[in-house]
Visitor: 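Let me give you the structure first, and then I'll get to my questions.
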Amino acid sequence: MRLSAYPIQNLKEVPAEAEIVSHQLMLRAGLIRRLAGGLYTWLPFGLRVLRRVERVIREEMNRAGALEVAMPVAQPAELWVESGRWEEFGPELLRFRDRHARDLVLGPTHEEVITDLARRELHSYRQLPVNFYQIQTKFRDETRPRFGVMRAREFVMKDAYSFHVDAVSLQDGYRRMYDAYSAIFTRLGLRFRAVHADTGAIGGSASQEFHVLADSGEDAIVFSDGDDYAANLELAAALPADGPRPPARATLATVATPGARTIAEVSALLGVAPAQTVKTLIVEGEDGGPVALVLRGDHELNALKAARLPGVLAPLRLADAARVAAAAGCEPGFVAPVGLRCRLYADHAAARLADFVCGANQADAHLTGVNWGRDLAEPETVDLRNVVAGDPSPGGRGRLQIARGIEVGHIFQLGSKYSEALGATVLDEQGRSVPMQMGCYGIGVTRIVAAAIEQNHDERGIIWPAPLAPFQVVLVPLNQARSERVRATAEQLYAELEAAGIDTLLDDRDARPGVKFADAELIGIPHRVVIAERGLDAGRLEYRHRTATASEDFVATAALPFLRAKFGAEH
RNA sequence: CGGGGUGUAGCUCAGCCUGGUAGAGCACUACGUUCGGGACGUAGGAGUCGCAGGUUCAAAUCCUGUCACCCCGACCA
């Protein structure tokens, strides 16, 4: 491509709307433009990158034996009513009506549509297993779209759905997708981790997420330094600590703590470490009554774990101030597990404390020297908290570490949730009608572009991993308007590279050298060739990789083999 | 959905408090100089000040409403 024929300029200044690096660079380098909240136009450079991502995904999916299809974006409401998700999905599902007043949805995912296809087309175990996939635009009406393309309302997703006669085959298909995903993210040059995850709204049993590691990631992921345990923070198990509870030494006392509602305020006021305090959360129970959850002061409640406890309302809802007052007789901030009449669960770590500090169930006071089994009953202990770095690994060896990740892939064993709801059955070997076992597998294609930039940039701009780069090489002729031989050499080299099938960007603009260098670096083209008067007398051109700090000369007539060697050396 | 903030030229922003002829830098057009790290000079073009209503002799500026966008929160005790 000739840059002289490309009308869109790079931005020198950082657009005010962009907060994270990838969003800023995508705007500055002219990859995307915002149309409205969470809606983006992909410009030619950005689209090239997107197509590169798609190509790698397509190749690996095909290699894994998956079959590409294209399903409609608009879907009839009937299917969603049938699956139950017309009610379940909530406002993220964009619904609308056509001229005949028929309800439709804009597809946020395609389990219903593919299951409908499967029930029409698949009748025998002999047709299984099969895996259908598509790369297509999805729409989810996010509460708060942000970070540009990272959390947009409209985005491109690769979604695949596998159908099996039994659970064994499903596990096999799931494993193949795991391997395919690993191959995809490896080929894309991303540093990633697969972690065990909750199945959430989509449903099903086993599930793993693939995260690109980046500090700006919205998710916390947990992994062990001593074994291969890896999980999403919401799923990571906190093991009970070894050893017995220390003996009680202190006597129970009530101390005045006016206005001290938070753990931080209480521990500062009393001169006690947060880890020696306990906080009591009142949540709503299944029966409408309150349930108390007790955590160590420095620990965070894990809502998912809490919502799974018997008697606790799922999804978890904290009680409002009025309910707290009814249950504990005080306002939030001073609740104590002592003397509560409702059902109570204590986290393992909280239950192991002796002589701890907690609320007093009255305003502006806390209790000190509190002990389980003496001042209040021994609690029912469960895992209630988020793990923290340094916790022992549930895998058995090593300690847990926590990192930030960007979720770019998610694979599920769905089982028969949708096939049963929609009646997608096949006859098995014994001639029995069984619901198909399903798996589903997603990749956030547009998000990968942003994630790749989060992982690969410097102060000058993007540094594309080779498989993602919109162009492999950029040719930078300097002052070509005043040097016919610079211009001619650049043209000749451009024609040669294009003919050899190399994606080449020719910066034939009448711009000053500094402008050309800066733009090439902002856009992040991996390989750069400078054509200038300086080397031409000796028949030499200048090469530099985007990540290199110095340039090297090479013989102009041997450009093609020289560059090919450089491409090859990149991996 | 709750809280906070911002809407002024294509972009980044000043001007608003204290009402009185709408500004700067970048970008754009023309000409000249310059030319291996985001040049310089001269001359230009470009804005219903988000929108609607109100107050006033007079509103970008004050008031009310509304829309859009951004940030924080929705895992507090």
Side-chain angles (χ1 to χ4, degrees), chain A residues 7-20 23-24 27-28 30 33-39 90-92 141-148 220 233-234 257 259-267 274 277-283 292-295 297 299-307 315-321 323-325 327-328 330-337 358-361 363 366 384-386 459-461 476-483 486 507 509-522 528 530-536 541-542 544 551:
Chain A
I8 295 169
Q9 271 179 333
N10 292 333
L11 275 34
K12 276 194 218 178
E13 286 170 293
V14 179
E17 70 190 62
E19 211 206 346
I20 60 171
H23 189 195
Q24 293 171 355
L27 289 167
R28 287 188 55 209
R33 287 292 182 263
R34 195 183 71 88
L35 173 66
L39 302 176
E92 259 192 21
D141 201 356
E142 292 281 346
T143 331
R144 180 144 92 93
R146 66 191 121 164
F147 303 144
L233 180 67
E234 41 176 39
T257 53
R261 284 184 179 78
T262 66
I263 293 294
E265 287 162 359
V266 171
S267 36
T277 70
V278 136
K279 57 186 171 190
T280 308
L281 282 59
I282 306 296
V283 300
L293 305 176
V294 181
L295 289 159
H299 284 152
E300 226 174 34
L301 177 69
N302 181 304
L304 207 69
K305 293 174 181 175
L316 191 73
R317 242 191 10 232
L318 288 164
D320 58 27
R323 282 165 171 274
V324 171
C330 65
E331 56 179 303
F334 301 100
V335 180
C358 68
N361 287 336
H366 279 75
L384 261 185
R385 66 178 175 97
N386 283 335
E459 64 290 344
R460 295 182 170 185
V476 185
L478 300 185
N479 300 313
Q480 60 168 11
R482 287 178 304 128
S483 168
V486 165
D507 191 351
R509 295 175 299 172
D510 184 17
R512 298 166 63 83
V515 173
K516 293 189 178 188
F517 292 146
D519 279 350
E521 281 155 359
L522 177 60
R528 184 185 82 184
V530 175
I531 302 104
E533 276 291 329
R534 198 153 82 182
L536 278 187
L541 303 178
E542 187 183 291
R544 184 144 150 191
S551 305

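Letters A, B, ... are given to chains in the order of the sequence lines, protein chains preceding strands, and every chain is numbered from 1.
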Visitor: Give none if B:C35 has no partner; otherwise give the nucleotide forming a Watson-Crick or G-U wobble pair with it, both distances under 3.5 Å.
Guide: none
Visitor: Give one of base, sugar-phosphate or nothing for A:V14, where a contact means two heavy atoms less than 4.0 Å apart.
Guide: sugar-phosphate
Visitor: Name the pairing partner of B:G47, where a pair is Watson-Crick or G-U wobble with both distances under 3.5 Å, or state none.
Guide: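 B:G47 is paired with nothing.
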Visitor: Does B:A74 pair with anything, Watson-Crick or G-U wobble, both distances under 3.5 Å, and if so, with which nucleotide?
Guide: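 Across all strands, not a single nucleotide pairs with B:A74.
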Visitor: Describe the nucleic acid contact of A:N10 in one word from base, sugar-phosphate, nothing, applying a heavy-atom distance below 4.0 Å.
Guide: nothing
Visitor: Using both distances under 3.5 Å as the test, list the Watson-Crick or G-U wobble partner of B:C69, or none.
Guide: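 Base partner found: B:G5.
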Visitor: Once you apply a heavy-atom cut-off of 4.0 Å, does A:T143 come out as touching a base, just sugar-phosphate, or nothing?
Guide: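 Here A:T143 touches the bases of the nucleic acid.
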Visitor: Within the 4.0 Å heavy-atom criterion, would you say A:L11 contacts the bases, only the backbone, or no part of the nucleic acid?
Guide: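 Contact class for A:L11: none.
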Visitor: Hey, does A:R28 reach any base, or is it just sugar-phosphate, or nothing, if we go heavy atoms under 4.0 Å?
Guide: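 Base contact.
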Visitor: Could you let me know what B:U61 is paired to, Watson-Crick or G-U wobble, both distances under 3.5 Å, or none if it's on its own?
Guide: none
Visitor: Could you check which nucleotide pairs with B:A27 in any of the strands shown, counting Watson-Crick or G-U wobble with both distances under 3.5 Å?
Guide: none
Visitor: Under 3.5 Å between N/O atoms: give me all the protein pairs with nucleotides 67-70 of chain B, atom names plus distance.
Guide:
{"from": "B:C69", "atom 1": "OP1", "to": "A:G37", "atom 2": "N", "distance (Å)": "3.0"}

Visitor: If only atom types and distance count, is the side chain of A:K279 paired as donor or acceptor with the main-chain N or O of A:I263 below 3.5 Å?
Guide: no
Visitor: Mind checking A:P91 for me? I need base, sugar-phosphate or nothing, with any heavy atom below 4.0 Å counting as a touch.
Guide: nothing
Visitor: Base, sugar-phosphate, or nothing: which does A:L316 touch, judged by heavy atoms less than 4.0 Å apart?
Guide: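 No contact.
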Visitor: What one-letter contact string describes nucleotides 25-37 of chain B from 5' to 3', where B marks a base within less than 4.0 Å of any protein heavy atom, S marks contact via sugar-phosphate atoms alone, and - marks no contact?
Guide: BSSS-----BBBB
